[in-house]
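Report on one structure; see the data block that follows.
Counting starts at 1 for both ligands and their atoms, following the listed order.
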Amino acid sequence: MASHITKAVIPAAGLGTRFLPATKAMPKEMLPVVDKPAIQYVVEEAVNAGLHDVLMVTGRNKNALENHFDRVAELEATLEAKGDLAKLERVNESTGLADIHYVRQGDPKGLGHAVLRAEMHVGDEPFAVLLGDDLIDERDPLLDRMIEEQLKRNATIVALLEVDPSQIHLYGVATVEETDEEDVVRVTGLVEKPSRENAPSNYAIIGRYVLRPEVFEILERTEPGKGGEIQLTDALQEMAGDESIGGVYGVVFRGRRYDTGDKIDYIKAIVQLASERDDLGPELKPWLKDFVETID
Ligand code: UTP
């Protein structure tokens with residue numbers, strides 16, 4: 001039976017090696033995207049989709065994450081004494097946003113291993129997984145659509161994005177069949193980071209999942225795959241072939257997504273989001289135009 005989904009799991013225990021040295025003492029999920037850490041956008045997205053119970057899987061630098069969602073009495077008192085209520089409001093936005101729980105991953109043995117750490121907390125119900133590497137524009141809801149499909153099909157749901165063939169080697173890629181819904185495909189197979197020649201389609205998996213709890217039992221026996229890590233994609237591959245647990249379906253996302261997982265895309269995300277903001281855009285956009293003139 002399909003049940004109501006209330007829990008979100010946010011893995012944030014990766015080493016973030018692509019951002020060293022910024023991530024030497026801080027999780028990459030804490031890197032600011034304009035003026036909010038990536039993780040806050042992700043928690044807000046979960047809450048907006050009705051998921052108020054959030055489990056963060058943390059690694060060695062978990063303090064910054066916990067502190068960000070906690071109260072900071074001295075800071076609040078100082079801003080209050082100064083009468084800077086606008087900043088006080090910004091500071092308090094992340095406090096009390098959701099019911100946030102934490103679990104340690106210990107060794108970062110891969111995304112699949114991080115998800116497995118959520119087993120105790122999640123129990124025997126479907127749940128969402130959100131990665132801080134992908135920011136989904138709040139104007140283009142994706143998670144709601146995925147939850148809707150999960151409830152309807154009682155399957156495992158992934159988010160798919162059509163990417164340029166030159167970028168396909170960076171993603172988990174799905175073999176798909178059409179369904180009776182224009183934005184939903186059935187996933188019949190998955191491959192992690194294929195070469196352009198071997199990619200079965202241009203449908204790349206992005207960092208949103210609504211998983212059936214059987215994923216835990218599968219992850220427990222999933223051997224380390226690509227890069228010596230326990231890959232979520234490998235478990236999904238098995239789930240795709242198993243009708244008894246509903247198979248895997250992909251919701252094709254055509255909205256705005258900002259990739260913050262690697263440096264160049266992170267920079268693009270900041271420029272794009274800042275130029276759309278009322279408080280920053282009017283100053284940033286003319287400067288950008290002038291700056292572009294100076295580039296050969
Ligand atoms: P990535 O592979 O993109 O993250 O994992 P990474 O390993 O931190 O980054 P690089 O490649 O070294 O720069 C995708 C997501 O899964 C989490 C990461 O925190 C990120 O949100 N993750 C990954 C874990 O929580 N644990 C892991 O063992 C691996």
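- The protein heavy atom nearest to atom 12 (O) of ligand 1 is Thr17 OG1, 2.5 Å.
- Residue contact check for ligand 1: Gly16 places a non-hydrogen atom closer than 4.0 Å to it.
- No donor-acceptor contact under 3.5 angstrom links the side chains of His113 and Glu229, judged on distance only.
- Residue Asp133 has at least one heavy-atom neighbour below 4.0 Å for each of these atoms of ligand 1: 3 (O), 14 (C).
- For ligand 1, the atoms lying closer than 4.0 Å to a non-hydrogen atom of Gln105 are 24 (C), 25 (O), 26 (N), 27 (C), 28 (O).
- Those atoms of ligand 1 with a heavy atom of Gly110 less than 4.0 angstrom away are 26 (N), 27 (C), 28 (O), 29 (C).
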Audit row: Phe69, Tyr102, ring pair (Phe, Tyr, Trp, His ring centres under 6.0 Å) steps and yes/no: CA-CA 11 Å; Phe69 292 98; Tyr102 300 89; 7.6 Å; no
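- Atom numbering of ligand 1 starts at 1 in the shown order; those under 4.0 Å from a heavy atom of Ala114 are 24 (C), 25 (O), 26 (N).
- For a threshold of 3.5 Å applied to N or O pairs, the pair formed by Phe19 and ligand 1 contains no separation below that value.
- Protein heavy atom in closest approach to atom 11 (O) of ligand 1: Arg18 NE, 3.0 Å.
- Inclusion of Ala13 in the set of residues having an N or O under 3.5 Å from an N or O of ligand 1 is warranted.
- Remark: ligand 1 and Val57 share no N or O pair separated by less than 3.5 Å (distance only, no angle test).
- The protein heavy atom nearest to atom 4 (O) of ligand 1 is Lys28 NZ, 3.1 Å.
- Residues Leu130 and Val122 fall into different hydrophobic clusters, defined by Ile, Leu, Val, Met, Phe, Trp and Tyr side chains chained together at heavy-atom separations under 4.5 Å.
- At the shortest separation from atom 16 (O) of ligand 1 among protein heavy atoms lies Leu111 CD1, 3.5 Å.
- Salt-bridge formation is detected for the pair Arg221/Glu238: a Lys NZ or Arg NE/NH1/NH2 atom is positioned less than 4.0 Å from an Asp or Glu carboxylate oxygen.
- Asp262 and Lys268 are not joined by a salt bridge, as no carboxylate oxygen comes within less than 4.0 angstrom of a charged side-chain nitrogen.
- The distance from the CD atom of Glu192 to the NE2 atom of His169 is 12.5 Å, given to the nearest 0.5 Å.
- Looking at residues two or more places apart in sequence or on another chain, you find no side-chain hydrogen bond (donor to acceptor under 3.5 Å, both in side chains) involving Asp70.
- Relative orientation of the Phe127 and Phe216 rings is parallel, given thresholds of 30° and 60° on the angle between their planes.
- Ligand 1 lies less than 4.0 angstrom from a heavy atom belonging to Glu29.
- Residue-to-ligand polar distances place Leu15 within reach of ligand 1: an N/O pair is separated by less than 3.5 Å.
- Interface of Lys109 with ligand 1, defined as ligand atoms under 4.0 Å from a residue heavy atom, comprises 28 (O).
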Full working for side chain to side chain contact (heavy atoms under 4.5 Å, CB included) between Asn61 and Met26: CA-CA 6 Å; Asn61 297 315; Met26 175 179 86; 5.5 Å; no
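- Between Phe19 and Tyr266, the distance separating the two ring centers is shorter than 6.0 angstrom.
- For atom 22 (N) of ligand 1, the closest non-hydrogen atom on the protein side is Gly14 N, 3.6 Å.
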